[in-house]
Amino acid sequence: MTDEHSTPPDADLPEQLRVRRAKRAELLEQGIDPYPVEAGRTHTLREVRDSHPDLPPDTATGDRVAVAGRVMFQRNTGKLCFATLREGDGTELQAMLSLADVGEETLASWKAVVDLGDIVLVEGEVITSRRGELSVSATSWRMLAKAVRPLPVAHRELSEETRVRQRYVDLIVRPRAREMVRARSTVLRTLRRVFEERDYIEVETPMLQVLHGGATARPFVTSSNALSQDLYLRIAPELFLKRAVVGGIERVFELNRVFRNEGIDSTHSPEFAMLEAYQAYATYDDMAELVRDLILESARAVFGSTVVTHADGTEHDLGKPWRSVTLHASVAEAVGQEVTIDTPAETLRRIAADHDIELKDSWAAGEIVLELFEKLVEHTLVEPTFVRDYPVEVRPLTRQHRDDPRLAEAWDLIIFGTELATAYSELVDPVEQRERLYRQSLLAAAGDPEAMQLDEDFLRAMEYGMPPTGGMGMGLDRLLMTLTGLGIRETILFPLVRAE
RNA sequence: GCGCCGUUAGCUCAAUUGGCAGAGCAGCUGGCUCUUAACCAGCGGGUUCGGGGUUCGAGUCCCUGACGGCGCACCA
């Protein structure tokens, strides 16, 4: 190890770090381990609180406990010290050290070495203070983990960057950060529960893939030394889940990470959690019912109700009936004139021009209608809305509509103006599927980085016969954003950040 | 990828026209046996993101790089 990489001498450290290291050293000199292996805790703060509700002020219970927690506030008078301890779930409890009970030496040592942020054990009697605060009145205390770096100011917001880069600090000082971790876990559990109740099987499919497919997006590329070839981090689990359906796993879902090498902003992360589910002998209508159940059950699990608060502060009851509208009808409503699958491209171009929407020359009617929807309609759909029946040219992997072959049996669920989930009646005709994938592979060969490669093995699977199947996809991070009204970096515990 | 804005004490932020770099919390010293963002008195703490330039003098102006935020593009 060179000097450059060794521990910097204390003299180079900021004052507060030096001071805390000195206190650690002081404990060691006294023969006290500042990081003992055995904590000796007998009760959690929560347990003490729960077992002593509503005590009147100035009560001595006679109950002896040893509690542990991080020191969040300190209020020291000459012969009486108060500290607020906090444990992982945010529960706080006051510790009191009185000269009369602990003696001069112990009190002095407490004042000398305990800083905000330290994790300590306090052993004593459960009492209430004269002001009525439930407390542990110490007979002894012990350092469990000396913090050598000071906590940030507890009563001011951390900067956005520090919150994301040092999430461990964010979790210590900001209750909402802790709540989000628990909300995410609750939603994960709830989604799995709903699937289990519907006899779905959870599977894990490859994240490292030899071929790039399943959606249109730019992949991350890596390489295998053993295979001497490039591998792709998956952009979607779709093609493997469909193989599973072919094999007879008729109700299957996967809830795990996908990776897309695209923009990073308040609604996009390069890695995000994707839920996809496929159900044999079901259609996109069945998947709509499933998705509604997944979202409502998640809301109930997190909030105890279906009412959620959007980023702008408005409350919305997701439990009310959800609207369903065709893509063309939604556009027609927005532009105030008839728009259907029969509307010619020239007419649609005129409508776009009237609304100052730029179009590519190569676009056909279907692509123009979708552009009109995205520019004029999508952001206006605040309440949950299924937008359904897209032109086939914009949904190349979806089965043709049973009533009109120019349409695809697909819907997007829009909430708060953004897409939350999508579903199809899946294309299961292997001949048709081969043609469409072949056209995609031509685009890929021509240099379109988002286009899929031709996956012969996937096509071979379909040739064995895939039952009529409904499929859905939903971003977990998006769901949490919808439920909590927060940005995507708040819903991900440790979002990707550039190295400092 | 392009444009705009930002980076100052451990944390959150000030600093007029280019003229001695400041506050609150945190820290240190002393005081205080019922505080709870405790209080009172005193003290210390800075490579003003890095590099270069203009100037008698740069936190401030110019060039350049790093990192971040917002907008656009792409996307779920």
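Each chain gets a letter, A, B and so on, in the order the sequences are listed, and its residues count up from 1.
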Subject >> For B:U47, the Watson-Crick or wobble counterpart (both distances under 3.5 Å) >> reply: none

Original post:
Could you give the CD-to-P distance, from A:Gln16 to B:U12, as a whole number of Å?
Top reply: 13 Å

**OP:** Sticking with atom P, work out how far B:C32 lies from B:A37, rounded to a whole angstrom.
**Re:** 23 Å

**OP:** Please determine, for B:G1, whether a Watson-Crick or G-U wobble partner exists with both distances under 3.5 Å, and give it or none.
**Re:** B:C72

**OP:** Determine the interatomic distance between C1' on B:A14 and the same-named atom on B:U8; round to the nearest Å.
**Re:** 9 Å

Original post:
Strictly by modelled atom types, are A:Arg260 and A:Ser269 linked by a side-chain donor-acceptor pair under 3.5 Å?
Top reply: no

**OP:** Tell me the partner of B:C28, counting only Watson-Crick (N1-N3 plus N6-O4 or O6-N4) or G-U wobble (N1-O2 and O6-N3) with both under 3.5 Å; none if nothing fits.
**Re:** B:G42

Original post:
Do any pairs count as a ring-ring contact (aromatic ring centres under 6.0 Å, His included) and have a residue in residues 118-161 of chain A, sequence neighbours left out, and if so which ones?
Top reply: A:Phe73-A:His155, A:Trp110-A:Trp141

Subject >> Pairwise C1' distance for B:G42 and B:G57, with rounding to whole Å >> reply: 35 Å

Subject >> B:G3 versus B:C63 - spacing of their P atoms, nearest Å >> reply: 13 Å

**OP:** Looking only at side-chain atoms of A:Arg478, point me to the closest of B:A76, B:U33, B:A26.
**Re:** B:A76

Original post:
Considering only side-chain heavy atoms of A:His155, which listed nucleotide, B:A37, B:C11, B:G10, is closest?
Top reply: B:A37

Subject >> Interatomic distance, A:Thr267 atom OG1 to A:Asp477 atom CG [nearest 0.5 angstrom] >> reply: 11.0 Å

**OP:** Identify the two heavy atoms, one from A:Phe458 and one from A:Leu437, that lie closest to each other, and give their separation to 0.1 Å.
**Re:** CD2-CD1, 3.9 Å

Original post:
Rounded to the nearest Å, what distance is computed from the CZ atom of residue A:Arg20 to the C1' atom of nucleotide B:G27?
Top reply: 8 Å

**OP:** Give A:Ser159 one of three labels, base, sugar-phosphate or nothing, depending on what nucleic acid heavy atoms sit under 4.0 Å from its own.
**Re:** sugar-phosphate

**OP:** Report yes or no: do A:Gln16 and A:Arg21 form a side-chain donor-acceptor pair below 3.5 Å?
**Re:** no

Original post:
Contact class for A:Gly263 (heavy atom, under 4.0 Å): base, sugar-phosphate, or nothing?
Top reply: base

**OP:** Would you classify A:Met96 as touching base, sugar-phosphate or nothing, given that sugar-phosphate means primed atoms plus P, OP1 and OP2, and contacts are heavy atoms under 4.0 Å?
**Re:** base

Original post:
B:G10, B:G44, B:C34: which one has an atom nearest the side-chain heavy atoms of A:Glu15?
Top reply: B:G44

Original post:
For atom P, what is the distance between B:G27 and B:C67, given to the nearest Å?
Top reply: 34 Å

Subject >> Pairing partner (Watson-Crick or G-U wobble, both distances under 3.5 angstrom) of B:U60 >> reply: none

Original post:
Side chain of A:Val153: nearest nucleotide among B:G24, B:C74, B:A76?
Top reply: B:G24

**OP:** Going by the side-chain hydrogen bond (donor to acceptor under 3.5 Å, both in side chains) test, name the single residue among A:Arg399, A:Lys242, A:Gln279 that passes it with A:Glu426.
**Re:** A:Lys242

Original post:
Should A:Val252 and A:Phe240 be marked as a side-chain contact (heavy atoms from CB on, under 4.5 Å) after you check the CA-CA gap, both sets of side-chain angles, and the distance that decides it?
Top reply: CA-CA 11 Å; A:Val252 65; A:Phe240 283 99; over 6 Å; no

Original post:
Taking the P atom of each, how far is B:G71 from B:U16, in whole Å?
Top reply: 29 Å

**OP:** Measure from NZ or CZ of A:Arg388 to the centre of the six-membered ring of A:Tyr284, then state whether that distance is under 6.0 Å and the direction lies within 45° of the axis.
**Re:** yes

**OP:** Can you label the angle between the A:Tyr390 ring and the A:Phe373 ring as parallel, tilted or perpendicular, going by 30° and 60°?
**Re:** perpendicular

Original post:
With both distances kept under 3.5 Å, what pairs with B:C13, Watson-Crick or G-U wobble?
Top reply: B:G22

Original post:
Quantified in whole Å, what is the P atom distance between nucleotide B:G10 and nucleotide B:A26?
Top reply: 16 Å

Original post:
To the nearest Å, how far apart are A:Glu92 CD and B:U36 C1'?
Top reply: 10 Å

**OP:** Go through B:U33, B:U36, B:G24 for me and flag the one nearest to the A:Arg156 side chain.
**Re:** B:G24

Original post:
For the pair made of CZ in A:Arg163 and P in B:C11, what is the distance, rounded to whole Å?
Top reply: 16 Å

**OP:** Test for a donor-acceptor pair under 3.5 Å between the base of B:U12 and the side chain of A:Glu157, counting only N and O atoms.
**Re:** no

**OP:** Would you kindly give the CD1-to-C1' distance between A:Ile235 and B:C74, to the nearest whole Å?
**Re:** 14 Å

Subject >> 5'-most by nearest nucleotide on RNA chain B - A:Ala112 or A:Asp101 >> reply: A:Ala112

Original post:
Are side-chain N/O atoms of A:Arg189 and A:Ser185 paired as donor and acceptor at under 3.5 Å?
Top reply: yes

**OP:** Provide the distance between the two C1' atoms, one in B:G6 and one in B:U60, to the nearest whole Å.
**Re:** 14 Å

**OP:** Send over the distance from A:Glu133 CD to B:C34 C1', rounded to a whole Å.
**Re:** 11 Å

Subject >> Side-chain donor/acceptor of A:Glu419 to base of B:A76, under 3.5 Å >> reply: no

Original post:
Which pair of heavy atoms, one from A:Leu27 and one from A:Pro34, lies closest together, and at what distance?
Top reply: CD1-CB, 3.9 Å

Subject >> A:Ala154 or A:Ser135, whichever maps to the more 5' nucleotide of RNA chain B >> reply: A:Ala154

**OP:** Would you mind telling me which of B:A38, B:A26, B:A76 lies closest to the side-chain atoms of A:Phe73?
**Re:** B:A38

Original post:
Between B:C34, B:A73, B:A76, which nucleotide has the shortest distance from any of its atoms to the side chain of A:Ser129?
Top reply: B:C34

Subject >> Among B:G10, B:U36, B:C28, the nucleotide that comes nearest once only the side chain of A:Asp115 is considered >> reply: B:C28

Original post:
If you look at every strand shown and take non-hydrogen atoms under 4.0 Å, does A:Asp58 touch a base, only sugar-phosphate, or nothing?
Top reply: nothing

Original post:
Picking from B:G27, B:G10, B:C32, which would you name as closest to the side chain of A:Lys23?
Top reply: B:G27

Original post:
With respect to the phosphate group of B:U12, does any side-chain polar atom (N or O) of A:Thr162 fall under 4.0 Å of OP1 or OP2?
Top reply: yes

Original post:
B:A76 base stacked by A:Phe272? Criteria: ring centres under 5.5 Å, plane angle under 30°.
Top reply: yes

Restricting to nitrogen or oxygen on both sides, can you table the protein-nucleotides 64-68 of chain B pairs closer than 3.5 Å?
{"unit_1": "B:C67", "atom_1": "OP1", "unit_2": "A:Arg498", "atom_2": "NH1", "d": "3.4"}
{"unit_1": "B:C67", "atom_1": "O3'", "unit_2": "A:Arg165", "atom_2": "NH2", "d": "3.2"}
{"unit_1": "B:C67", "atom_1": "O2'", "unit_2": "A:Glu161", "atom_2": "OE2", "d": "3.4"}
{"unit_1": "B:G68", "atom_1": "OP1", "unit_2": "A:Arg498", "atom_2": "N", "d": "3.4"}
{"unit_1": "B:G68", "atom_1": "OP2", "unit_2": "A:Arg498", "atom_2": "NE", "d": "2.8"}

**OP:** Could you state the atom-to-atom distance from CD1 of A:Ile264 to C1' of B:A76 in whole Å?
**Re:** 14 Å

Subject >> Value in whole Å for how far the C1' atom of B:A37 lies from CD of A:Gln94 >> reply: 14 Å

Original post:
For B:U7, which nucleotide in any strand shown is its Watson-Crick or wobble partner with both distances under 3.5 Å?
Top reply: B:A66

Original post:
Considering only B:C32, B:A26, B:C74, which nucleotide approaches the side chain of A:Thr77 most closely?
Top reply: B:C32

